[in-house]
Amino acid sequence: MAKELFAIFGNPVSHSKSPLMHNLAFQGLDYDACYTRHLLKDGNTLKETFFTLGLKGINITVPHKEAAFHACDTLDPFAQKIGVVNTIVEREGKLYGYNTDAPGFLKAISEFKEVKTVLFLGAGGTAQSTSSILREEGYEVTLLNRSEERLEKYKKDGFQTFTYETFKPQPYDLVINMTSAGLEDENLPAPKEILDIVMPNAKACVDVIYGKETPFLKLAKTHKKPVKDGSDMLLYQGIIAFQYFTKHSYTFEEIKQHMQKAFTL
Ligand code: NDP
C-alpha cells in the first residue's frame, strides 16, 4: 500500500503544531503515513486541492472550517448540525467531514467537576461548535460578546446572550475565553470590571489560546483561580482526528502517548 498523505489546510498555517503532532503519532505507532501543511488561500478550491495533492485526510484551520463543511460529500451528524468541519477523510473518492474541536474541548474541561454553568467570552467559530456540544452534555452556556452581530445566531438557538452593555452577571462555574484577545496582543477578552465580577465566583478559568499565558489567565491567577490553557483542547482534537484518519485502529491513550510529545519538543 502506498504511503498515506495527510495535511493541515489554513491561512496562515506556518505556525500549526498539527504536522508535528500527527507525524510523532504516525512514527510512534509505526503507521506508514506523512502529514504536511498547505497554505490554502481560497476556501473554494479546498476539494480540488485535496485531490490534486493526493491526500487521504486533512485538518482544517482558520479561516476555512465553513468552506470545509461545504466541500464534504457526507457529514457526521454533529458536523452537519453545527456547520463547521475541521477534519476530512477520503473514502472511495468521497469526502467525509467531522468536527473534532468540540469533543476535544469537552474532554479538556472534563477535569473540572461539578460544573453546570459556563460563561463564554466570545461568539466566533470556536464558540459555535463548543457551545453546541456543551449544551448537548447538559451544561448551561451563556455568551458574552463584544459586539451584537455574532450573537444573533446563538439567540435564535435559545442561548442566553449579552453584550458588555446588556450584561447581567450571574455566578458561573467556568469562565472561558473563546476570543482571540490575547493571542497576538495583550488584550483582555472583556472589560476588566466585568471579569473582576465573574472570576471570583468561578471554580476555574479556561483559555482556548495555547502556548502563552494570556492576560485573561494572568488576571484569573490574581483571583486565585485554577487555570487551564488551550493545549489539551489542541491535543485532544488531534487525537480524535487521528482516530478518523486511521479508521479507529488505536485507542485514545495509545495515540496520546506519542502525540503529546509535540508539546515538549
Ligand atoms: P473567530 O474569528 O471566529 O471569533 C473571534 C471572537 O473573538 C469574536 O467573538 C470576537 O468578537 C472576539 N474578539 C476578538 N478580539 C477581541 C477583543 N480584543 N476583545 C474582545 N473580543 C474579541 O475566532 P475563532 O472562534 O476561530 O477562534 C477563537 C480563539 O480560539 C482563537 O484564539 C484561536 O486561536 C482559538 N482556538 C484554539 C483551538 C485549540 O485547539 N486550542 C482550536 C480553535 C481555535 P466580535 O464578534 O466582537 O468581533
Side-chain angles (χ1 to χ4, degrees), residues 8-22 43 59-69 82-87 98-109 119-134 141-155 159 161-167 175-195 198 206-217 219 227-242 256 259-260 262-263:
I8 179 155
F9 284 8
N11 184 12
V13 76
S14 59
H15 65 288
S16 173
K17 251 191 192 315
S18 292
L20 181 60
M21 286 163 51
H22 286 270
N59 289 122
I60 304 96
T61 186
V62 177
H64 299 312
K65 292 184 190 182
E66 275 185 35
F69 169 83
I82 58 168
V84 185
V85 162
N86 79 320
T87 300
Y98 306 91
N99 184 292
T100 71
D101 283 332
F105 175 75
L106 183 67
K107 188 164 173 65
I109 63 160
L119 179 66
F120 271 25
L121 308 168
T126 308
Q128 195 178 324
S129 59
T130 51
S131 60
S132 183
I133 202 163
L134 256 56
V141 182
T142 300
L143 294 110
L144 173 64
N145 198 45
R146 181 175 60 177
S147 56
E148 180 74 43
E149 206 187 335
R150 290 195 215 232
L151 291 172
E152 288 304 324
K153 190 163 24 78
Y154 294 89
K155 220 183 281 179
F159 286 99
T161 65
F162 297 104
T163 59
Y164 304 154
E165 292 72 31
T166 62
F167 189 49
V175 179
I176 305 183
N177 177 22
M178 284 280 165
T179 77
S180 41
L183 182 64
E184 283 169 344
D185 52 45
E186 287 302 305
N187 292 327
L188 285 167
K192 184 167 182 296
E193 310 80 73
I194 290 183
L195 297 175
V198 292
V206 178
D207 206 317
V208 290
I209 294 172
Y210 58 88
K212 71 176 277 197
E213 189 173 62
T214 58
F216 171 76
L217 292 185
L219 183 63
V227 296
K228 182 176 181 72
D229 79 354
S231 305
D232 279 350
M233 176 185 179
L234 178 70
L235 175 62
Y236 297 162
Q237 65 73 31
I239 295 173
I240 300 165
F242 191 93
K256 186 179 176 189
M259 206 177 256
Q260 70 186 1
F263 294 83

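Remember, it's 1-based here, ligands and their atoms both numbered in the order they're listed. Values below: all heavy atoms of this structure, side chains included; hydrogens, waters and symmetry mates excluded.
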[X] side chain to [Y] backbone, donor-acceptor under 3.5 Å:
X      : Y      : result
Tyr154 : Ala123 : yes
Asn99  : Val84  : yes
Thr166 : Thr163 : yes
Lys17  : Ala262 : yes
Asn59  : Asn86  : yes

[atom]: which protein heavy atom is closest, and how many Å away?
atom                    : result
atom 14 (C) of ligand 1 : Ser180 OG, 3.5 Å
atom 34 (O) of ligand 1 : Leu183 CD2, 3.9 Å
atom 3 (O) of ligand 1  : Gly125 N, 2.9 Å
atom 27 (O) of ligand 1 : Thr126 OG1, 3.3 Å

Less than 3.5 Å between some nitrogen or oxygen of [X] and one of ligand 1, yes or no?
X      : answer
Asn145 : yes
Thr179 : yes
Ile209 : no

Give the atoms of ligand 1, by number and element, whose distance to some non-hydrogen atom of [X] is under 4.0 Å.
X      : result
Ala181 : 16 (C), 17 (C), 18 (N), 19 (N)
Asn187 : 18 (N)
Gly122 : 9 (O)
Ala123 : 9 (O)

| When you check the gap from the basic side-chain N to the acidic O, do Glu184 and Lys212 get nearer than 4.0 Å? |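 No salt bridge links Glu184 with Lys212.
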Only heavy atoms count here, so choose which of [options] is nearest to [atom].
atom                    : options                        : answer
atom 1 (P) of ligand 1  : Arg150, Glu186, Glu148, Lys17  : Arg150
atom 16 (C) of ligand 1 : Arg146, Met233, His15, Glu66   : Arg146
atom 47 (O) of ligand 1 : Ala102, Ser147, Ala127, Gly104 : Ser147

Heavy-atom count check: over 12 atoms from other residues, nucleotides or ligands less than 6.0 Å from Glu66 CD?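 Atom CD in Glu66 is not packed in, count stays at 12 or less.
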key: Ser147-Glu149 side chain donor-acceptor pair, cut-off 3.5 Å   =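 No.
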- [ ] State, without any angle test, whether Asp207 and Thr214 hold a side-chain donor-acceptor pair at a distance under 3.5 Å.
- [x]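 Indeed, the side chains of Asp207 and Thr214 share at least one donor-acceptor pair under 3.5 Å.
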Tell me which part of Met178 gets within contact of ligand 1: side chain, backbone, both or neither, using heavy atoms under 4.0 Å.
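Met178 to ligand 1: backbone contact only, side chain stays beyond 4.0 Å.
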*Report the part of Val208 in contact with ligand 1, treating N, CA, C, O as backbone and CB onward as side chain, heavy atoms under 4.0 Å; options are side chain, backbone, both, neither.*
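Contact part for Val208 vs ligand 1: both backbone and side chain.
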Quick check on atom 23 (O) of ligand 1 - does any protein heavy atom sit closer than 4.0 Å to it?
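False for atom 23 (O) of ligand 1.
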- What distance separates Leu121 CG from Leu188 CG, expressed to the nearest 0.5 Å?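 The CG atom of Leu121 sits 10.0 Å away from the CG atom of Leu188.
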- Quick one: CG on Leu106 to CG on Asp101, what's the gap to the nearest 0.5 Å?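 Separation between the atoms: 12.5 Å.
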| Do any heavy atoms of Tyr164 fall under 4.0 Å from ligand 1? |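 Right, Tyr164 reaches ligand 1.
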